[in-house]
Amino acid sequence: MAILVLGGAGYIGSHTVYELIDAGREVVVADNLQTGFRAAVHPKAKFYQLDIRDRKALDALFEAEQIDGVIHFAASSQVGESMSDPLKYYDNNLHGTMVLLQSMVAHGIDKIVFSSTAATYGEPERVPILEDDTTCPTNCYGQTKLDMEHMMGWVSRAHGLKYVALRYFNACGAHASGKIGEAHNPETHLIPIILQVPLGQREMVSVFGDDYPTKDGTCIRDYIHVTDLAQAHILALDYLMNGGENNVFNLGNGVGFTVKEVIDVAREVTGHPIPAKMAPRRAGDPAQLIASSEKAVRVLGWKPEYNDLSTIVASAWAWHKSHPHGYTEG
Ligand code: UFG
């Protein structure tokens with residue numbers, strides 16, 4: 001029996017596949033390679049290039065493989081793009097998940113762990129954020145992820161499917177082996193953008209807004225290492241395998257850092273001055289997002305190992321230094 005990882009060639013998906021294989025699990029990966037990389041897929045995983053909106057391809061996979069659980073990362077995930085092209089997000093994230101669930105129900109596969117996001121909360125009413133706090137997304141990306149959660153709920157009621165939604169805060173860092181790491185094209189995330197300066201690929205970092213109601217005026221985020229996220233997926237799948245009920249978990253470190261603080265940590269880690277300039281706010285950015293992950297710790301037994309931002313940034317720096325152009329040469 002194998003675990004099917006959809007989107008297993010992407011950033012968080014590829015790290016989860018490495019952890020699953022390290023734990024001795026059999027893994028099948030499916031990815032359309034639109035944003036993922038074939039080179040990110042662990043050599044011991046069986047690979048299918050397919051799009052989850054392709055019902056025939058999914059049906060064929062479920063008929064060919066013995067799948068006993070699904071981990072679903074296959075989605076578009078850029079907040080800014082979701083505001084300018086919302087229908088892409090409804091198509092890829094919601095329609096894609098609908099086709100996936102149709103195929104799973106038809107094949108009697110009834111366990112799924114999937115990527116949700118802190119963006120489901122919108123501007124939080126309080127921090128740290130708890131799972132039953134108000135969800136009011138301020139961008140279409142977060143809206144489609146919340147709608148995916150609701151879709152799972154209704155399908156569960158009708159067909160007995162069991163799901164766990166993992167609401168990630170800010171994923172960052174890279175695998176300890178140095179073989180896989182973060183690679184987006186275009187890159188929009190803060191830590192890889194900062195590291196492009198010491199790599200000589202960018203002259204300076206733009207800080208999007210310094211007039212937020214925070215200690216230094218810049219946005220606060222909760223940065224969580226990708227390997228810790230990957231471990232949470234395995235724990236969530238085991239929870240479902242052991243009869244666990246539908247559930248939603250926040251995944252973060254519970255500590256917030258401002259954009260300026262992250263830049264300072266990157267200066268220390270890289271030894272580079274990393275010039276920064278102030279820029280206007282970016283649309284849709286909440287001032288502050290900090291998780292309470294107490295529920296994941298209590299129910300899943302999750303223990304994030306990377307709770308120090310310097311170590312997290314150092315792991316990202318090791319990957320970017322050795323792969324300055326990600327998975328592509330030159
Ligand atoms: N930022 C800058 N300059 C940059 C890039 C980012 O100042 O060049 C700031 C952003 O404005 C934000 C912070 O750095 O305040 C972090 O930005 P990221 O783009 O790295 O991450 P986000 O918090 O916007 O988004 C992340 C994930 C989303 C997810 C969201 C949940 O990328 O997928 O967390 O809050 F939806």
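Start at 1 and go down the list; that is how both ligands and their atoms are numbered. Since this is a predicted model, take the numbers as computed values, not measurements.
In terms of protein heavy atoms, atom 22 (P) of ligand 1 is closest to Asn170 ND2, 3.5 Å. Among protein heavy atoms, atom 27 (C) of ligand 1 sits closest to His189 NE2, 4.0 Å. Given atom 9 (C) of ligand 1, the protein heavy atom at minimum distance is Val259 CG2, 3.8 Å. Nearest to atom 24 (O) of ligand 1 among the protein's heavy atoms is Arg282 NH2, 2.6 Å. The protein heavy atom nearest to atom 20 (O) of ligand 1 is Leu190 N, 2.8 Å.
Less than 4.0 angstrom separates some heavy atom of Ser77 from each of these atoms of ligand 1: 33 (O). Which parts of ligand 1 touch Thr188 is read off a 4.0 Å heavy-atom cut-off, strictly below it: atoms 5 (C), 19 (O). Shown in contact with Cys219 at under 4.0 Å from a heavy atom are these atoms of ligand 1, numbered in order with element: 15 (O). Near Ser206, with a cut-off below 4.0 Å to any heavy atom, the atoms of ligand 1 are 2 (C), 3 (N), 4 (C), 7 (O), 8 (O). With ligand atoms numbered from 1 in the order given, ligand 1 contributes 7 (O) to contacts under 4.0 Å with heavy atoms of Val207. Near Asp285, with a cut-off below 4.0 Å to any heavy atom, the atoms of ligand 1 are 10 (C), 11 (O), 12 (C), 15 (O), 24 (O).
Between Thr134 and Tyr121, the closest side-chain pair of non-hydrogen atoms is not below 4.5 Å. Residues Val205 and Ile263 have side chains in contact (heavy-atom distance under 4.5 Å, counting atoms from C-beta outward).
Taking the six-membered ring where the residue is Trp, Phe257 and Tyr223 present tilted rings, their angle falling between 30° and 60°. Note: His225 and Tyr306 have parallel aromatic rings, judged against thresholds of 30 and 60 degrees for the angle between ring planes. A perpendicular orientation is assigned to the rings of His15 and Tyr11, their planes being inclined by more than 60° (bins at 30° and 60°).
Although no hydrogens or angles enter the test, the distance criterion places a donor-acceptor pair under 3.5 Å between the side chain of Trp319 and the main chain of Glu182. Put simply, the side chain of Arg167 never gets that close to the backbone of Gly252: no donor and acceptor are under 3.5 Å apart. Side-chain N or O atoms of Gln66 include none that pairs as donor or acceptor with a backbone N or O of Ala2 at under 3.5 Å.
Checked against the 6.0 Å centroid criterion, the rings of Tyr163 and Trp154 do not qualify as a close aromatic pair. Between Tyr168 and His233, the distance from one ring center to the other falls under 6.0 angstrom.
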Open item on the list: What verdict does the side-chain hydrogen bond (donor to acceptor under 3.5 Å, both in side chains) test give for Glu149 and Ser116, after you've listed the backbone C-alpha separation in whole Å, the side-chain angles of each residue and the deciding distance to 0.1 Å?
Closed with: CA-CA 8 Å; Glu149 293 187 10; Ser116 188; 2.6 Å; yes
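Of the heavy atoms in Ala119, both backbone and side-chain atoms come closer than 4.0 Å to ligand 1. At a 4.0 Å heavy-atom cut-off, ligand 1 does not touch Ala171 at all. Contact annotation for Leu289 and ligand 1: only side-chain heavy atoms (C-beta onward) come within less than 4.0 Å of the ligand.
Considering backbone and side-chain atoms alike, Arg221 places an N or O below 3.5 Å from some N or O of ligand 1. By the 3.5 Å distance cut-off applied to N or O atoms, Thr117 is not counted among the residues near ligand 1. In terms of polar-atom proximity, Tyr168 is not counted as a contact of ligand 1, lacking any N or O under 3.5 Å from an N or O of the ligand.
Partner Val262 forms a side chain to side chain contact (heavy atoms under 4.5 Å, CB included) with one of Ile220, Val207, Ile312, Leu190 and no other, that one being Leu190.
Residue contacts with ligand 1 do not include Gly142, since none of its heavy atoms lies under 4.0 Å from the ligand. The closest approach between a heavy atom of Ile193 and any atom of ligand 1 is below 4.0 Å.
Here the shortest heavy-atom distance to atom 4 (C) of ligand 1, taken over Phe208, Tyr141, Tyr223, Tyr212, belongs to Phe208.
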